[in-house]
Amino acid sequence: MGGNGNGKPLHAMVIPYPTQGHVTPMMQLSKTLAAKGLIVTFVTTYHRHAEITQANSCSSDPVLLEANKLGLDIRSAQISDGLPLNFDRSLKFYDFRRSVDNMGEALEELMNDLNKKEPPISCVIADTFLFWSLDVTKRFGIPWISFWTQPVAVYSIYHNFHLLRSHGHYPPKGIAFLAEELDDYIDYIPGVPNIQCKDLPLFLQLQDPNSDYVLDMLLKSYQSARRADWVLCNSFYELEAEAIKAMDAETPVLTVGPLLPSSYLDSHNPKDITVGTSFLTEYQPSEWLDSKPSESVIYVSFGSLVHVSKTQIEEIAMGLKESGQPFLWVLRPDIISSKISTCLPDSFMETCKSQGLVVPWLPQLQVLSHPSIGGFFTHCGWNSVTESIALGVPMLGFPLWTEQYTNCKLMVDEWKIGLRLRGGHRDDKVIHREEISRAIRTLVASEEGKAMKNRIMALRDSARSAMKAGGSSQNNIEAFIEDLKFTVHVGNGSQTN
Ligand code: UDP
């Protein structure tokens, strides 16, 4: 597998968007492709590469650490995101994003350099948001594959953005409109269950100073994705059959997920236990978790990017304490802001010493698969949702940004594998400790919570089946590689686009 029939192996260049939630699934995709015989060059920015190096403190290239252990031919390359290494990308996130949109020249230079060696690059697999990489790739006359890191349902929403306009659901009508009684149903997006404006990705439900930029970037991304040779997505058929069928009629999306190390799925390769691309050093909580009763611990993490107000952090702390459940809480150093060191209520850690553990970062897959975990209090980032599904942990949704609102809606109302905190960050209202402790108890210690657990265990089995030999995602991965070989061999890698 993997050769193109000309004797040269396929050489895929994989370019993730340079944030944690994009680098991780695309490295796992790279491992999957390399295990099937492709050579992969994995492209990170100098800045993220330096972060991963610092987090993993190893002498060899840390990005390749896991791939090397597995004997995979993955190579590492870096380009600049256009900003100095010490630029605060957390504080000035949108300046960072704008700079990422201008990386085309650096990519072209890298491709020219790599093509001086054998084998030349046969295709580029780029994050959907790296829309500018399409034109660069087309100059080399090779296929361009768009990789979508969110659910197919969200893909359909953006893809059908014009319908929101024509039905009067865009531009947004303001925060008051999002109240339950005013917000009517959106039932016309192909493959997307009835949702309301409050369930749309944040940029579509509310206008903020960055909305125009984000919308422009999204529209460019979707225009490019329409011209992709393939669109791959980190989801699976059994989870999103309707959305996938709906997209089939327009721009087919091949689901290839959930993209997790094999030991968490089919155990086909028990040595494949981690992705190894964390930007922060992982704290090892196994010993603490071992000391807790089965399915009792609430795991709390809001991913790698979002910020939460100090007041909300304090309410969460008190809500966790009042729930009486053991908790394991990831509190990133920049969770409030990179300029504000995290402040938990005075003496909080002292009084909760035996109940909870607070750490800056940890190996999330390892945590979610631990038998003492009873629930996941999550911001509903798509990686977190798919990881929780694949490991059978019901969720408490606390969406804060971007498509997390839609993910939460699907998780609560479609798949019924969790619940959502009442109230919201969106309108700057704080969710109070009483609501937080009530919701935690419902999730981990009620009949309702048990029913959610049963449903997520059934979905977990579907996720695992999807990635097994003969499963829906595995079949898609194999079909994609075969088609890619054919396209590269015949030389019709969409030079026509
Ligand atoms: N993650 C982790 N350790 C942590 C917290 C998060 O490894 O302590 C990983 C998590 O497993 C997931 C990613 O960071 O793969 C976060 O991605 P997600 O899409 O959930 O959220 P984002 O960071 O993009 O908002």
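Remember, it's 1-based here, ligands and their atoms both numbered in the order they're listed. Starting from 1, each residue takes its place in the sequence as its number.
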Next on the checklist: For the residue pair K198 and Y405, would you count it as a cation-pi contact if the rule is NZ or CZ under 6.0 angstrom from the ring centre and within 45 degrees of the ring axis?
Outcome noted: no
Checklist entry - Do side-chain atoms of N407 reach the backbone of G381 as a donor and acceptor pair under 3.5 angstrom? => result no
Checklist entry - What residue and heavy atom of the protein are closest to atom 23 (O) of ligand 1, and at what distance? => result S304 OG, 2.4 Å
Checklist outcome for this item: Near G381 (heavy-atom distance under 4.0 Å), the atoms of ligand 1 are 18 (P), 19 (O), 20 (O), 21 (O)
Checklist entry - Does even one non-hydrogen atom of H379 get within less than 4.0 Å of ligand 1? => result yes
Item to check | Closest approach of any protein heavy atom to atom 24 (O) of ligand 1, naming residue and atom | outcome: G21 CA, 3.7 Å
Item to check | For atom 18 (P) of ligand 1, the option (of N383, L260, L280, N407) bearing the nearest heavy atom | outcome: N383
Checklist outcome for this item: protein heavy-atom neighbour closest to atom 20 (O) of ligand 1 works out as S384 OG, 2.6 Å
Checklist entry - Which option out of E282, Q364, E387 puts a heavy atom nearest to atom 15 (O) of ligand 1? => result E387
Checklist entry - L362 near ligand 1, heavy-atom distance under 4.0 Å? => result yes
Item to check | Numbered atoms of ligand 1 (with element) below 4.0 Å of G303, judged on heavy atoms | outcome: 23 (O)
Next on the checklist: Show the atoms of ligand 1 that are less than 4.0 angstrom away from any heavy atom in W382.
Outcome noted: 19 (O)
Item to check | Close N or O approach (Q20, ligand 1; < 3.5 Å) | outcome: no
Item to check | side-chain hydrogen bond (donor to acceptor under 3.5 Å, both in side chains) between E238 and S472, intermediate numbers included | outcome: CA-CA 8 Å; E238 292 72 10; S472 58; 2.9 Å; yes
Item to check | Q312 (side chain) donor-acceptor with I431 (main chain) under 3.5 angstrom | outcome: yes
Item to check | Over all atoms of both residues, closest heavy-atom pair of F236 and G257 | outcome: CB-O, 3.3 Å
Checklist entry - Cationic tip of R98 within the cone over Y213's six-membered ring, i.e. under 6.0 Å and within 45° of the normal? => result yes
Checklist entry - What residue and heavy atom of the protein are closest to atom 9 (C) of ligand 1, and at what distance? => result W361 CZ2, 3.9 Å
Item to check | Note, I157 side chain near I186 side chain (heavy atom, < 4.5 Å) | outcome: no
Next on the checklist: Parallel, tilted or perpendicular, judged at 30° and 60°: which one describes the rings of H22 and F129?
Outcome noted: tilted
Checklist entry - Under 3.5 Å, side chain of W148 to main-chain N/O of P151, donor-acceptor pair present? => result yes
Checklist entry - Judging by distance only, is a nitrogen or oxygen of S301 under 3.5 angstrom from one on ligand 1? => result no
